[in-house]
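Take a look at the structure set out below.
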Amino acid sequence: MDVTAILDPLNSAQRDAVSSQAKHLLVLAGAGSGKTRVLVHRIAWLIQVEQISPYSLLAVTFTNKAAREMRARIEDLLGYSGQGMWVGTFHGIAHRLLKMHWQQAGLPENFQILDSDDQLRLVKRVYQTLGIDDSRWPYRQAQGFINAQKDEGLRARHLQPAQDPYQRTMQQIYTAYEEACERGGMVDFGELLLRAHELWLQQPELLQHYQQRFRHVLVDEFQDTNAIQYAWLRMLAGNQVPLMAVGDDDQSIYGWRGAKVENILNFSRDYPDTQTVRLEQNYRSSKNILDAANAVISRNVDRLGKNLWTDDPDGEPIALYAAFNEHDEARFIADRLQDWTSQGNLREEAAILYRSNAQSRVLEEALLRAGIPYRIYGGQKFYERQEIRNALAYLRLLVNRNDDAAFERVVNTPTRGIGDKTVQGLRELARDEGMSLWRAAQKAVDESLLPGRASNAVAGFLALIDELEEGVVELPLAEIADHVIARSGLIDFHRREKGDRGESRVENLQELITACRGFEPEDKALSALPQFLDQAALDAGDRQADAGADAVQLMTLHSAKGLEFPLVILAGMEENLFPHRMSVEEPGRLEEERRLAYVGITRAMQKLYLTFAESRQQYGSESYNAVSRFVRDIPAGLIEEVRLRTHVQRPTSYAQKPTVSLSDSGADTGLSLGQRVTHHVFGEGVVLNFEGNGAHARVQVNFDNEGSKWLVLSYAKLTPLC
DNA sequence: AAGGCAAATGTTTTT
DNA sequence: CATTTGCCTT
């Protein structure tokens, strides 16, 4: 392949980036501006033109999905997979390093990865040993504290001794938590990064080895890197390895998880010989959609500044629908999707995006009723399901009896008469003797330290695990899993569960066996099981099994980042929902919500619907939210309001009754449910509800600025609009 | 030790 | 509203 094949499909800014001769490169890539394409073509350029071996390239992404996509697209372009090239997530690469250099990293060879669930359990155990009151300091707060510190690259010993009780308690927990991890050879997600950083810090010759090996390092979604990830990159780069960072400050939506947009700002300061390239031409959305997105994001103060433009025509106007309530909203959406497919489009080209997962239920119901196939992304991941984690815990015990997290999880699952008290006893013994729970259990049985019944039960559990391992180690992975799931009693345990929840859990366990069958170990020489377990911990398994069927896509705005759809429906465009009520107070968090709105709008290629509900059931009670400020930020000229309710008679009985009563109550008020009205004090609003008649008639109006109010019809001078 | 009922508690998500 | 947690009874 020659240079033209790499550069021809690119615009001039993209070409500048791909063929850059500068030492370091910062690409500010707006939404839909060909970010991944530039990365992939840059890699092709380095290999084909600069003659750099794939072995000397390192490409870091944020998600496993992005890593897979990059691999696939490199293969597409080059015609072969970049053999020997390191492509992976920060965590995946850190894990790889630690596996290779476990001794230098001060870890046991078979160190265990703790996911957030394991981590929370460990935190709870630390509370118990320290005697900390969890009603005063919630577990999750401590977990959040620990992760936030690790994101910043701080260990407990790095923290300033503090006076205030919150800091003191958290630091105490953090210290004990670190000790517990160290003792058990356990490594949480943050620890992977922290350790990988320290590994190089403490082993300069190892760092040098990698600095010589990697002749180019490329980073995707740079706006999502946190402090420790950037520190790790900087250490690797030193003053010799060229870095290429690609990101978009306007799409930084993970600040709440430690991501630092500032890293983008600091990059050119930290590396003065950086060429900055802006990709501002958008190839994805119609002009109307892009103008709307620009209008929304321009209200943010804290930006690097970038204006996306397009050669495309205006396209269709953005449609806004004011629903009566969330059911009406869902019904409207289902109708639009029906229109979409009846016009000959594919369902999978349409996506419904929402701020929070809780919104999906009503939408699902409406789609189900309308017979529209759909697929939901997000929610619970496969490897995070209870039943799967239980099965994995048994498998983990086979590999490593001293895995306390796994031991605790399944010692009494299915229930076998080992209750809290017994486990508590084992924990104390383990702590006193400085041994794992497994060894403590052995000791307790051998030396009859437990009451008879409990002792028998514990002995039974120990025997079960040993027995599970017998004659199984040499078998293929899937058969090991099958054997363990059946013999541990997990299948029966879930089969006995009431409702159809148990049924789906049994199916999931079967699915796990299938996953084992399809698993290809990275290192064929080593046993497959430990490799499978590591992969399960690092990749939550969000790949969709039934990707073949044509279905509408439902997902949160967060998980929509990086995707695009011809038709996008943003549902729940309401204050308190989006922007979320937790984020409206703080300007910084509000800016992040706004970036989320920007991400949402820019997912749309041809047609964008915005919907909101005048009234919505939230946490069991009715709430009345004004239309989202993000909708108001969009110039009116770009929006076409759909006003079905004034023309269409709602067939449902509850909606008709008040309409009839309203006109029956003496003079025709000209009001109906969903009617837009204006009041001389409260301004504009929408009629939500109605009660009584004649002089006592009252209407409930949701005012745009004042919220919902009940007004006596004969006093309030309401003027109908439209 | 296990199961049932009342009370509390609700973002976003990856690794 | 729906799910999870904690207390209380068998």
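Quantities reported herein were computed from a predicted structural model and do not represent experimental measurements. So that the names make sense, note that chain A is the first sequence line, chain B the second, and so on, each numbered from 1.
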For DNA chain B, what residues of [range] have any heavy atom nearer than 4.0 Å?
range: residues 552-561 of chain A; result: A/T556, A/H558
range: residues 450-462 of chain A; result: none
range: residues 88-100 of chain A; result: A/T89, A/H91

Non-neighbouring partners of [X] that pass side chain to side chain contact (heavy atoms under 4.5 Å, CB included), sequence neighbours left out:
X: A/N300; value: A/I297, A/R303, A/E591, A/R594, A/R595
X: A/E564; value: A/R284, A/M605
X: A/A391; value: A/I485, A/L490, A/L509, A/L512
X: A/A537; value: A/I113

Polar atom pairs between nucleotides 8-10 of chain B and protein, under 3.5 Å, N or O only, would you list them?
none

Original post:
For A/Y394, which residues count as a ring-ring contact (aromatic ring centres under 6.0 Å, His included) partner, sequence neighbours excluded?
Top reply: none

Original post:
By side-chain hydrogen bond (donor to acceptor under 3.5 Å, both in side chains), which residues pair with A/R195, not counting sequence neighbours?
Top reply: A/E182, A/E191

Subject >> Pairing residues for A/E507 by the side-chain hydrogen bond (donor to acceptor under 3.5 Å, both in side chains) criterion, not counting sequence neighbours >> reply: none

Original post:
For DNA chain C, which nucleotides open and close the run of contacts to chain A, 5' to 3', at under 4.0 angstrom from a non-hydrogen atom?
Top reply: C/dC1 to C/dG6

